[in-house]
Amino acid sequence: MSELLYKTLRESVVNAIRAKIMNHQIRPGERIVELELAQEFHTSRGPIREALRQLEIEGIVEYTRNVGCSVRNFSVKDSYEVYLLRTNYEIVSIRLLNGKVPEDTVRNMENILEHMKSIPVNEFDRVFEYDNQFHEQLVLMSKLPRLEKAWKELYYSNLLAGYDLLAEKEKILERQYDNHIAILEACKEGDCNKICQEVKKHYWTTIFRMLQDQKLEESDLKKSWMMAI
């Protein structure tokens with residue numbers, strides 16, 4: 001098999017396993033058996049093993065001694081870390097451009113928000129896909145490949161965190177547009193500090209709601225959040 005074909009096979013396996021996890025066909029905490037996946041996808045265990053390593057980097061699966069590989073149980077603490085890092089990565093990009101967001105970036109953000117306006121409840125997962133696409137624009141405009149790579153490693157962790165920890169899907173769908181429009185408007189104004197503040201507020205609001213859902217104390221976490229950024 002050529003190197004190109006093997007790479008294509010490996011990527012297909014990664015996408016297939018990731019989809020099974022996102023669709024909850026493999027549940028958090030459930031052990032992943034390489035042999036079973038190899039038989040299901042009609043491949044050897046090599047591509048399966050490499051796919052699981054990629055998903056481990058993305059924070060979706062984890063290896064435990066004497067247990068093996070399983071889907072990661074995502075806690076509020078995990079979500080806090082993911083959103084803290086995402087906030088900082090996006091702010092690095094915003095400050096690099098001194099808040100002067102390119103016109104094509106603004107247009108892309110506008111288009112994504114238009115799609116976000118009309119998501120049916122039975123396609124709830126798309127909320128987080130559009131959320132990722134929207135925030136990704138703030139990173140891509142930096143044209144810093146290592147920053148992009150670091151941000152993208154948290155992409156699927158955001159999907160898992162949001163889908164598993166947030167309740168009341170209808171209310172989430174209703175407020176998604178309003179939650180993001182403030183960032184877009186700040187980008188149009190070109191005020192660097194205001195954009196950064198809106199991004200910080202946006203992510204903290206998400207974390208705060210998660211903490212409330214889990215009935216956890218937020219005061220110390222908020223203090224740490226504001227000091228870290």
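All residue numbers refer to positions in the sequence shown, counting from 1. Please read these numbers as outputs of a predicted model, since none were measured by experiment.
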Asker: Which distance, rounded to the nearest 0.5 Å, do you find between the CG of L55 and the CD of E62?
Answerer: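 Here the rounded value is 12.5 Å.
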Asker: Might you confirm whether atom CD of E103 has over 12 heavy atoms from other residues, nucleotides or ligands at distances under 6.0 Å?
Answerer: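 Atom CD in E103 is not packed in, count stays at 12 or less.
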Asker: Is L113 reachable from I195 through a run of I, L, V, M, F, W or Y residues, each pair having side-chain heavy atoms under 4.5 Å apart?
Answerer: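 They do share one cluster, since a chain of ILVMFWY contacts under 4.5 Å joins I195 to L113.
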Asker: Does the N98 side chain pair with the main chain of K100, one donor and one acceptor, at a distance under 3.5 Å?
Answerer: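 No; zero donor-acceptor contacts below 3.5 Å.
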Asker: So which heavy atom on S70 is nearest to which on G29, and how close?
Answerer: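 Between these two residues, the closest heavy atoms are CB-O, 4.0 Å.
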Asker: With a 4.5 Å heavy-atom cut-off, do D104 and R107 have their side chains touching?
Answerer: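 A side-chain contact under 4.5 Å exists here.
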Asker: Is K188 atom NZ crowded by more than 12 heavy atoms from other residues, nucleotides or ligands, each under 6.0 Å away?
Answerer: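 Yes, NZ of K188 has more than 12 neighbouring heavy atoms, counting only those of other groups under 6.0 Å.
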Asker: In Å, rounded to the nearest 0.5 Å, how long is the span from CD1 of I183 to NE2 of H135?
Answerer: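 Rounded to the nearest 0.5 Å, the CD1-NE2 separation comes out at 4.5 Å.
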Asker: Before giving the answer on side chain to side chain contact (heavy atoms under 4.5 Å, CB included), spell out for L97 and M141 the whole-Å C-alpha distance, their side-chain angles and the decisive distance to 0.1 Å.
Answerer: CA-CA 8 Å; L97 275 66; M141 69 183 186; 4.0 Å; yes
Asker: Does E81, at its CD atom, have more than 12 non-hydrogen atoms belonging to other residues, nucleotides or ligands within less than 6.0 Å?
Answerer: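 Not more than 12 within 6.0 Å, no.
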Asker: Hey, any chance F134 and L140 share a hydrophobic cluster, counting ILVMFWY side chains that come within less than 4.5 Å of each other, even indirectly?
Answerer: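 Shared cluster, no.
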Asker: How far does OH of Y130 sit from CD1 of I112, to the nearest 0.5 angstrom?
Answerer: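 Result: 9.0 Å between the selected atoms.
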Asker: In terms of side-chain geometry, is the basic nitrogen of K194 or E198 positioned less than 4.0 Å from the acidic oxygen of its partner?
Answerer: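 E198 and K194: not salt-bridged.
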Asker: I would like to know whether E50 and V14 meet side chain to side chain contact (heavy atoms under 4.5 Å, CB included); could you show each step before the answer?
Answerer: CA-CA 8 Å; E50 291 186 22; V14 169; over 6 Å; no
Asker: Between K201 and T205, which heavy-atom pair has the shortest distance, and what is it?
Answerer: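 Here K201 and T205 meet closest at O-OG1, 2.7 Å.
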Asker: So does E114 pair up with K117, basic N to acidic O under 4.0 Å?
Answerer: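 A salt bridge is present here (some side-chain N lies under 4.0 Å from a carboxylate O).
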Asker: Has S142 got a side-chain atom pairing as donor or acceptor with V139's backbone, closer than 3.5 angstrom?
Answerer: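 A pair under 3.5 Å: yes.
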Asker: Drop me the distance from I60's CD1 to I17's CD1, to the nearest 0.5 angstrom.
Answerer: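 It comes to 10.5 Å.
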Asker: State which residue, out of Y203, W151, F208, Y89, fulfils the ring pair (Phe, Tyr, Trp, His ring centres under 6.0 Å) condition with Y83.
Answerer: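 Only match with Y83 under ring pair (Phe, Tyr, Trp, His ring centres under 6.0 Å): Y203.
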Asker: Flag the pair I91 / L138 as yes when at least one side-chain heavy-atom distance between them is below 4.5 Å, and no otherwise.
Answerer: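 Heavy-atom side-chain distance check fails, nothing below 4.5 Å.
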Asker: At what distance, to the nearest 0.5 angstrom, does CD of E189 lie from SG of C187?
Answerer: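 Result: 9.5 Å between the selected atoms.
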Asker: Taking all non-hydrogen atoms of both residues into account, name the closest pair between V13 and P47 and its distance.
Answerer: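 Heavy atoms only, the tightest pair is CG1-O, 4.0 Å.
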Asker: Honestly curious: do V33 and I48 fall in one hydrophobic cluster under the side-chain, below-4.5 Å linking rule?
Answerer: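 Not linked; separate clusters.
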Asker: Quick one: are L144 and S93 in side-chain contact, heavy atoms under 4.5 Å?
Answerer: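 Heavy-atom side-chain distance check fails, nothing below 4.5 Å.
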Asker: May I ask you to check whether R86 and N132 show a side-chain donor-acceptor distance below 3.5 Å?
Answerer: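 Distance-only check passes for R86 and N132.
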Asker: Roughly how far, to the nearest 0.5 Å, is CG of N111 from CD of Q137?
Answerer: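 Those atoms lie 9.5 Å apart.
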Asker: I would like to know whether C69 and R31 meet side chain to side chain contact (heavy atoms under 4.5 Å, CB included); could you show each step before the answer?
Answerer: CA-CA 6 Å; C69 184; R31 184 166 174 257; over 6 Å; no
Asker: Taking K200's backbone N and O only, do any of them form a donor-acceptor pair with T87's side chain (distance below 3.5 Å, no angle check)?
Answerer: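 Side chain of T87 to backbone of K200, a donor-acceptor pair under 3.5 Å: no, none is there.
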Asker: Compare every heavy atom of K143 with every heavy atom of E148, then report the nearest pair and how far apart it is.
Answerer: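 So the minimum-distance heavy-atom pair works out to OE2-CA, 3.7 Å.
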Asker: Kindly determine whether N193 and R95 satisfy side chain to side chain contact (heavy atoms under 4.5 Å, CB included), including the steps that lead there.
Answerer: CA-CA 8 Å; N193 289 331; R95 293 201 182 283; 3.2 Å; yes
Asker: Grab the two heavy atoms, one from K20 and one from E40, that are nearest each other, plus how far apart they are.
Answerer: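 Scanning both residues, the minimum pair turns out to be NZ-OE2, 3.2 Å.
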Asker: Would you mind checking if E136 and K152 are paired as a salt bridge, meaning a charged N to carboxylate O distance below 4.0 Å?
Answerer: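 Salt bridge present between K152 and E136.
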Asker: Give the minimum heavy-atom separation between D78 and N73, together with the two atoms involved.
Answerer: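 Result for this residue pair: OD2-O, 3.6 Å.
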